[in-house]
Every structure is written in C-alpha cells, then in structure tokens.
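Below is one structure, written out as structure tokens, with a few remarks after it.
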Amino acid sequence: MYLHSGCQIAVSPDTKLFAVDWLGVEVTRATLGIIGMGSIGYKVAQRARAFNMRILYHNRNRRRKEEEEAVGAHYCEKMEDLLQQSDFVMLVVNLTAETRKLIGKKELSLMKPTATLINISRGAVIDQDALVEALQNKVIRAAALDVTYPEPLPRDHPLLKLNNVIITPHIGTATVQAIHMMAEEAIANMLAVLNGQCIPSEVFPK
C-alpha cells in the first residue's frame, strides 16, 4: 500500500524529509494463499517460492504431489482454512456462476485483520460492497485489485476513496511481449480451426 503514496511523497514539492517510521509488511516467510491453482496460479506459486513464502492453495482439483513439492505448496481442501491462515490471499480463478462473489462478507471476516486481498482474476469474483465495508472497518488490512466490476469503476465509487486499497486498470498482461504472445496464440488457434486440426488452446476440451 505504501508504493503509491510513497511515490507521491518522493516527488512532492512539499517533501522536506522522509519519515523513518514508515513501515510496510514483509513478504518473505509470510503465508500466501492462492485460490485457483491453474496455470497462472501455479506460476504465482513459483515466484512466491523465491521469497521463501509459505504457500497454501485451494482448487477444484488437487495438483500432483510432484507439482506441490516443486513449489512447496500445501493443499487446503476447504477455502476457509486458507483464508484463516494467509497473510496474503490471491484470487486467480475464472469467473463462473460458482465463483461470482466467491469472496463476500463471510469470507472476508475469516481473514486475518492484518491480511491483504489481491485480485488478478475478475472483479465480480469479489462482492465489492462487502469489500468496501471490510476495508473501512479494518476487517482486513488492505486490498490490491487489478480488476473491478465494472471497469472502470464509477468515479464516485467508495473503493476509489479508500487509502488501504490499490487499484490498477487491468494491466496484469500489459507488456509488449505478453500481447505479442497472445496474438500469436490466437493466430495459431484460428489456423488450426481453418485446417481442421485440434485447437491448441481450446477453452472447453472435449
């Protein structure tokens, strides 16, 4: 949460000195709970391992033992167990009827008051009214959202007025290289269809 406001302080013409008691939260050895351990969730776990994080995950299907061991991830059959133990909770699920408002008032109340909720999936996975209430009442420490519902939020939305939330404009894949790779993948899929071949990135496999 300090990155954005810290940048503003660093460049402000009114800044005369930097506070020495301005402290953030350590990521190293913290517990990261990943909800949705598909290909993206697994890549998050690989990166988190480099910070010596304790990694918990909840998924419809448990990953193979070798995959868990490769990143040091521990499976939580119940999402509630993950929420209660995690310092950072990251949402990496597809938006479906089952995941819409997956995180609501009940789930937020299970999280640590020192926890941060991170959403890189879709905005509607969170009940945003419940999130606003949780952030205002310090039910959780903070939130970092790359996605909202709708996008962009109305300019008078209460999430935009809170100082314990960071919102970015759905830029998780916004690099030149990532856009090129996605375009190449889309072309490969179209060519496969035109040539009567199996679709490499079929969303709903047969």
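Along the sequence shown, the residues carry numbers beginning at 1.
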For S86, enumerate each residue passing the side-chain hydrogen bond (donor to acceptor under 3.5 Å, both in side chains) test, keeping only those at least two apart in sequence or located in another chain.
->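 If we apply the side-chain hydrogen bond (donor to acceptor under 3.5 Å, both in side chains) test to S86, skipping adjacent residues, there are no hits.
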
Tell me, please, which residues at least two apart from D127 pass side-chain hydrogen bond (donor to acceptor under 3.5 Å, both in side chains).
->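 Applying side-chain hydrogen bond (donor to acceptor under 3.5 Å, both in side chains) to D127 gives none.
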
If only atom types and distance count, is the side chain of [X] paired as donor or acceptor with the main-chain N or O of [Y] below 3.5 Å?
X    : Y    : value
E107 : G104 : yes
K101 : A124 : no
N119 : L145 : no

Can I get a per-line list of side-chain donor-acceptor pairs under 3.5 Å for residues 128-140, giving both atom names and the distance, sequence neighbours left out?
| residue | atom | partner | partner atom | Å |
| --- | --- | --- | --- | --- |
| Q128 | OE1 | Y149 | N | 2.9 |
| Q128 | NE2 | Y149 | O | 2.7 |
| N137 | ND2 | E133 | O | 3.1 |

Should [X] and [Y] count as side-chain neighbours, where that means a heavy-atom distance under 4.5 Å?
X    : Y    : answer
I118 : V89  : no
T148 : I167 : yes
R122 : H170 : yes

Measuring from [X]:[atom1] to [Y]:[atom2], what's the distance to the nearest 0.5 Å?
X    : Y    : atom1 : atom2 : answer
L91  : I103 : CG    : CD1   : 5.0 Å
L153 : L160 : CG    : CG    : 5.0 Å
D146 : S121 : CG    : OG    : 10.0 Å
Q84  : K112 : CD    : NZ    : 10.5 Å
E77  : D81  : CD    : CG    : 9.0 Å
L102 : R100 : CG    : CZ    : 12.0 Å

For [X], which fellow cluster members are found when Ile, Leu, Val, Met, Phe, Trp and Tyr are connected by side-chain heavy-atom distances below 4.5 angstrom, either directly or through intermediates?
X    : answer
I171 : none
V176 : none
V11  : none
M182 : I179

Hey, could you give me each pair passing salt bridge (Lys or Arg N to Asp or Glu O under 4.0 Å) that has a residue in residues 148-167? Not counting sequence neighbours.
->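 Of all non-adjacent pairs touching residues 148-167, none passes salt bridge (Lys or Arg N to Asp or Glu O under 4.0 Å).
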
Acceptor/donor pairs from residues 184-191 side chains to any protein atom, 3.5 angstrom cut, sequence neighbours excluded:
| residue | atom | partner | partner atom | Å |
| --- | --- | --- | --- | --- |
| E185 | OE2 | S201 | OG | 2.4 |
| N189 | OD1 | S201 | N | 2.9 |
| N189 | ND2 | E185 | O | 2.6 |
| N189 | ND2 | S201 | OG | 3.4 |

Among all residues two or more places apart in sequence or in another chain, which pass the side-chain contact (heavy atoms from CB on, under 4.5 Å) test with E98?
->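 Testing E98 for side-chain contact (heavy atoms from CB on, under 4.5 Å), a comparison that skips the adjacent residues, returns T96.
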
Can you list, pair by pair, the side-chain donor-acceptor contacts under 3.5 Å of residues 66-76, counting residues two or more places apart and other chains?
| residue | atom | partner | partner atom | Å |
| --- | --- | --- | --- | --- |
| E66 | OE1 | R64 | NE | 3.1 |
| E67 | OE1 | R63 | NH1 | 3.3 |
| E67 | OE1 | R64 | N | 3.1 |
| E67 | OE2 | R63 | NH1 | 3.2 |
| E67 | OE2 | R64 | NH1 | 3.4 |
| E68 | OE1 | R62 | NH2 | 3.2 |
| E68 | OE2 | Y57 | OH | 2.6 |
| E68 | OE2 | R62 | NE | 2.7 |
| Y75 | OH | N59 | O | 3.3 |

Tell me, with the steps shown, if R141 and M111 meet side-chain contact (heavy atoms from CB on, under 4.5 Å).
-> CA-CA 10 Å; R141 178 177 179 271; M111 293 173 62; over 6 Å; no

For L95, look at atom CG and say whether over 12 heavy atoms of other residues, nucleotides or ligands are found less than 6.0 Å away.
->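 Yes, the 6.0 Å shell around CG holds more than 12 heavy atoms from other groups.
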
How far apart are the closest heavy atoms of I55 and A48, and which atoms are they?
->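 Distance-wise, the nearest heavy atoms are CD1-CB, 4.0 Å.
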
Least distance between heavy atoms, I120 atom then M90 atom =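 Minimum heavy-atom contact is CD1-SD, 3.9 Å.
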
According to a 4.5 Å side-chain heavy-atom criterion applied to Ile, Leu, Val, Met, Phe, Trp and Tyr, with indirect links allowed, do [X] and [Y] form part of one hydrophobic cluster?
X    : Y   : answer
I126 : V92 : no
F51  : M37 : yes
F88  : V93 : no
L56  : I40 : no

Without placing hydrogens or testing angles, list every side-chain donor-acceptor pair under 3.5 Å for residues 15-35, not counting sequence neighbours.
| residue | atom | partner | partner atom | Å |
| --- | --- | --- | --- | --- |
| T15 | OG1 | I9 | O | 2.4 |
| E26 | OE2 | T28 | N | 3.4 |
| E26 | OE2 | T28 | OG1 | 3.3 |

